[in-house]
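Reviewing the structure listed below.
Just so you know, these numbers use all the heavy atoms, side chains as well, and skip hydrogens, waters and symmetry mates.
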Amino acid sequence: HNENEPAISPDGRWLAYTSDETGRAEVFVVPFPNVDDGKWQVSTAGGREPRWSADGRRLYVRHGDGSGLDVVDMGDGPAAAERSTVFDVPPEEYFELNPDNHMYDVTPDGRILMLEAGSGDISGDLVMVQSWLADVERRLDGGDR
C-alpha cells in the first residue's frame, strides 16, 4: 500500500497518515511509537492530509477529492473519535490538492490556512530565503533603503 502524509500528535502518542489500502486514500491513526498496537480509520469516503490541532484533541482531515475539511474529535482516543464537517466547498470552487505536498495547515490558534486553486502551479516549489535577518538588520541600521 502507499502510505504517506504522516503527522505525529503534539503529545507524541499518535501517528496519523494517509493510506490507499482500502482502494482509495483514507486517513488512519495508530499508536506511536507502538504502531502495531491498533489502527483506526478516521476518514470516510476518502481522506488525506491529516493535521493535528495544537492541543492534539482534534485531527483535521481533507476530503479525498479536496471538496472540504472534516475535524475528528480525538479527545477520548481514536476508538471513540467523532467526525464533523468544518466546511464543504462548492463544486465550482476548490482548494489546491496535491498528494505530494501539504496544501493546508492549522495554526496554533486554530485558524485554517489553505492554498486557493487557480494559480495553475501545484508543483510544490520551495522558495528559500537565506540571510534574510542580516538583510533586515542592515536596512534598519541605515543601509539600503
Side-chain angles (χ1 to χ4, degrees), residues 1-140:
H1 310 292
N2 292 312
E3 297 174 337
N4 50 38
E5 302 174 329
I8 303 254
S9 64
D11 64 6
R13 294 183 52 215
W14 303 105
L15 168 65
Y17 65 96
T18 302
S19 174
D20 65 0
E21 66 189 72
T22 65
R24 68 174 163 214
E26 297 285 0
V27 174
F28 293 86
V29 175
V30 295
F32 188 81
N34 302 320
V35 297
D36 294 326
D37 287 352
K39 178 166 66 172
W40 297 268
Q41 182 177 330
V42 296
S43 63
T44 60
R48 59 178 56 255
E49 289 188 78
R51 292 284 178 274
W52 292 96
S53 63
D55 64 7
R57 295 188 56 82
R58 291 171 305 285
L59 179 65
Y60 294 86
V61 176
R62 291 257 333 244
H63 295 178
D65 63 359
S67 66
L69 187 74
D70 290 341
V71 63
V72 182
D73 182 344
M74 297 288 291
D76 294 324
E82 293 186 23
R83 188 183 61 258
S84 59
T85 298
V86 176
F87 63 82
D88 286 311
V89 179
E92 65 277 1
E93 300 175 21
Y94 61 95
F95 291 93
E96 293 288 4
L97 185 64
N98 182 338
D100 296 325
N101 297 296
H102 301 293
M103 304 304 278
Y104 83 100
D105 209 348
V106 180
T107 65
D109 65 359
R111 289 177 291 158
I112 298 166
L113 307 175
M114 301 188 96
L115 295 177
E116 187 175 3
S119 68
D121 179 12
I122 60 170
S123 64
D125 294 339
L126 176 65
V127 177
M128 184 171 81
V129 179
Q130 296 180 342
S131 304
W132 70 271
L133 185 56
D135 186 48
V136 169
E137 288 173 343
R138 187 182 81 250
R139 290 173 186 246
L140 290 175

Using the side chain to side chain contact (heavy atoms under 4.5 Å, CB included) rule, take W52 and R57 through it: C-alpha gap first, then chi angles, then the decisive distance, then the call.
-> CA-CA 8 Å; W52 292 96; R57 295 188 56 82; over 6 Å; no

Taking side-chain contact (heavy atoms from CB on, under 4.5 Å) as the definition, give me every residue that meets it alongside [X], ordered by chain and number, with sequence neighbours left out.
X   : value
D76 : A80
V86 : Y60, L69, V71, I112
S19 : H1, E3, Y17, E21, F28

Under 3.5 Å: donor-acceptor pair, side chain of [X], backbone of [Y]:
X   : Y   : result
D65 : S67 : yes
T18 : R48 : no
E5  : E49 : yes

For H63 and D70, what are the C-alpha separation, side-chain angles and deciding distance, and is it a side chain to side chain contact (heavy atoms under 4.5 Å, CB included)?
-> CA-CA 7 Å; H63 295 178; D70 290 341; 2.9 Å; yes

Quick check: closest heavy atoms across [X] and [Y], and the distance to 0.1 Å?
X    : Y    : value
V30  : G38  : CG1-O, 3.4 Å
Y104 : V106 : CE1-CG2, 4.2 Å
W40  : P78  : CE3-CG, 3.3 Å
G56  : P10  : CA-CD, 3.7 Å
A81  : M74  : CB-SD, 4.0 Å
G47  : V61  : CA-CG1, 4.0 Å

Test side chain to side chain contact (heavy atoms under 4.5 Å, CB included) on V29 and L15 and set out the steps.
-> CA-CA 6 Å; V29 175; L15 168 65; over 6 Å; no

Is R58 paired with D55 through a side-chain N to carboxylate O contact shorter than 4.0 Å?
-> yes

Using the side chain to side chain contact (heavy atoms under 4.5 Å, CB included) rule, take F32 and I8 through it: C-alpha gap first, then chi angles, then the decisive distance, then the call.
-> CA-CA 8 Å; F32 188 81; I8 303 254; 3.6 Å; yes

Identify which one of R111, R62, R51 satisfies the salt bridge (Lys or Arg N to Asp or Glu O under 4.0 Å) criterion when paired with D105.
-> R51

Nearest-0.5 Å distance, CG of residue N4 to CG of residue N2 = 7.0 Å

